[in-house]
Trainee: 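Sharing a structure with you now.
A, B, ... follow the sequence lines: proteins, then strands. Residue 1 opens every chain.
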Amino acid sequence: MNKTLAILGWGTVALLGAVAVGVVAVRRGEPINALWLVVAAACCYALGYRFYSKFIAVKILALDGLRATPAERLENGRDFLVTNKWVVFGHHFAAIAGPGPLVGPVLAAQFGYLPGTMWVLAGAVFAGCVQDFVILLFSVRRDGKSLTEMAKDEIGRVGGFVAYLAVITILIILLGVVALIVVNALKASPWGTFTIAMTMPIALLMGVYLRRIRPGKVLEVSGMGFVLVLAAIWGGQYVSQNEAMARVFTFSAPALAILIMVYGFAASALPVWLLLAPRDYLSTFVKLGTIALLAVGIVALHPTLHMPALTRFVDGTGPVFAGKIFPFAFITIACGAISGFHALISSGTTPKLIARETQTRMVGYGAMMAESAVAVMAIIAACVMQPGIYFAINSPAGIVGQAPATAAATISSWGFPVTAADMQALAHAVGEQTLYNRTGGAPAFAVGMAHIFSHSLGGDTLMALWYHFAIMFEALFILTILDAGTRVARFMVQDALGHVYKPLGRTSWYPSILGTSGLIVAAWGYFLWQGVKDPLGGINSLWPLFGISNQLLATVALCVATTIIIKMHRAKYAAVTLVPLAWLIAVTFTASWHKIFDPNPRVGFLAQAEALAAGPATGATVRLIFNNRLDAAVTGGLVVMVTLVLAESLRQWLGILRGTKEARVKESPFVRTRLVEEQG
Amino acid sequence: MKRVRGTIRDFAATAVAVLREIFDEAAYARFLGRAGIVSSSEAYEAFWREREKSCARRPRCC
């Protein structure tokens, strides 16, 4: 009876999912309701989790509930700790969910809602969730080792070294790109800048409160910090209305870039408890609350999507970023579908908290599904806007023109009607002077989110507050990534330099702290500066670079996973990681080829450098030419590094399959769990 | 009704546990238990001295 009910139940879910995906995929010419996307996503995730992840857990990984995890065997109350599975799930989700699943889908919406939605659903179920799940389990079976350590142990020294270089490179590019998103969201916006500026003294206050007044009461002080941030958002409108105050908080993009670099350096060099940790708490508090609120808002309002399923820009002529739907849609959306960065988290803190192997399925596969759901919400937020407005916000001045009337006319000529008056009214409604040329995805997401929130709660009168709440929400956790990322990269560089000269490796030695912090900030600051000075808005060149590096890191992670699966004598099931790996190789290598060699100057770095060289030579041109060549070199370098890992992995696989190499996994020995009462 | 109340209570307890872990309150409580001391400004300082290295190495995803 139970089996019959299960078949009926899952059959219904499959049918409902098929109908919803069908409506999303086939419907053309008239707007569809966002609920179709929600239902399609919910059904795909449910089926993927129930059947595909279970297949992987049983047939390939053979999860063993009796095997003691490092959290149990090495428990020290600090890093290694047996933790409730829901607590680990929440912890893991909070670590993997960043601005990526919000920004990427918003940018990719220039192709329409369909490509992004399909990639987010299929990519998550068959690639992203699988990567996070298997890397987490393999790390658990290796005492919580990191991805780079596993690459070294299982693939070889080349794999380990390349993984290390790839991590540093992706961190630097990531930090440059996310900083650019904040700059583009805050330039010439006194309200937004004031709100974000206020989060710094608020964080310092929280740090001092935690240290001196109520030690350890983090939830309490985060709640207080949140109230103060809301007050700052409220106060921001008066700052923007007061001419003198507005002047103080109005910055150009270059000025904001310099301020952000100074902030990144200070946050990396100051004690963690004073600025980094309180900001992290505040950002997590806002992030979790806002994501939950957005989910409720979408279901409650179930808005209509005005963006068509497919736009004319699938041909590669898009204004937001240039390049055809393949491969560019698949590198633009990384987090939300598959993100190599997640492999660092899955082989970082999380494996040291898992109580039982069987929980890796829920934590690894499940948390990635939750992040994918966030990406679906971002697609909805971007597509509820009229397409003309979406393109007016996201198109750089270099494409649509500087003057409002020219920009509106250009966008309307693409078949997406918008008028200068519409844009002026929208800017006025959200409390900004202008919303043109706000590239980077964050302002467009904020407008979409404000639309959903204000229609669910407060009406048009609260539109401006919701918009700045959304900007604050994004900027807050982007800056958290910036300070945490700078510090992580600093530690990695210090670890490496410690092999050359021991004191440089000491994380408490101030000359080393200042030197390495400066080095890391200068590295990502260079990319930020390049983006700020780019006439095409920076996102056109930097976001693809970030997408390529992130997906290449996923390629390394899937190479590690496939190698281990083959060594476990499960080669007949290796397609589970090999197929996403093959797809990522196709996507990233094609994208890299286009970004380096495409003859279209809007796509290829070298073509753009050549086009610039053919024009009049000015100081700015020389710099732009150098930047384009540098970006081409970085992309090429990443591809070479990953090719080396691939070649090394392939050598391992063939050797094992031919029997010329011993298939020996470097797992920790089996120890039976003592948590007998929890076994079931 | 009793079962519903119980489920809600369990859910709330888990949610609080998740938040306490994410916000390091649980880690601080474990530190106090391990060191056998009560919460104070000095204890919190010692907690952060111990935690600084591992916390600062924790990456945040994009």
Trainee: For A:Leu219 and B:Arg20, work out which heavy atoms get closest and say how close.
Mentor: CD1-CG, 4.1 Å
Trainee: Do A:Tyr281 and B:Asp24 make a side-chain contact, defined as non-hydrogen atoms from C-beta onward lying under 4.5 Å apart?
Mentor: yes
Trainee: Looking at CH2 of B:Trp48 and CG of A:Leu210, how far apart are the two atoms once the value is rounded to the nearest 0.5 Å?
Mentor: 9.0 Å
Trainee: Which pair of non-hydrogen atoms, one from B:Tyr44 and one from A:Pro215, has the smallest distance, and what is that distance?
Mentor: CB-CB, 3.7 Å
Trainee: Where does A:Phe285 contact chain B at under 4.5 Å (heavy atoms): side chain, backbone, both or neither?
Mentor: both
Trainee: With only heavy atoms counted, which part of B:Ala27 is less than 4.5 Å from chain A, the side chain, the backbone, both or neither?
Mentor: neither
Trainee: With side chains defined as the heavy atoms from C-beta onward, is the minimum distance between A:Trp273 and B:Phe47 less than 4.5 Å?
Mentor: no
Trainee: Calculate, to the nearest 0.5 Å, the distance between atoms OG and CZ belonging to B:Ser41 and A:Arg214 respectively.
Mentor: 13.5 Å
Trainee: Against chain B, label A:Ile478 side chain, backbone, both or neither, depending on which of its atoms sit under 4.5 Å from a heavy atom there.
Mentor: neither
Trainee: Side chain, backbone, both or neither: which part of A:Gln494 has a non-hydrogen atom closer than 4.5 Å to chain B?
Mentor: neither
Trainee: Can you name the nearest heavy-atom pair linking A:Gly90 to B:Ile22, along with the distance?
Mentor: O-CD1, 3.6 Å
Trainee: Only one of A:Val87, A:Asn84, A:Val88 forms a side chain to side chain contact (heavy atoms under 4.5 Å, CB included) with B:Glu21, so which one is it?
Mentor: A:Val87
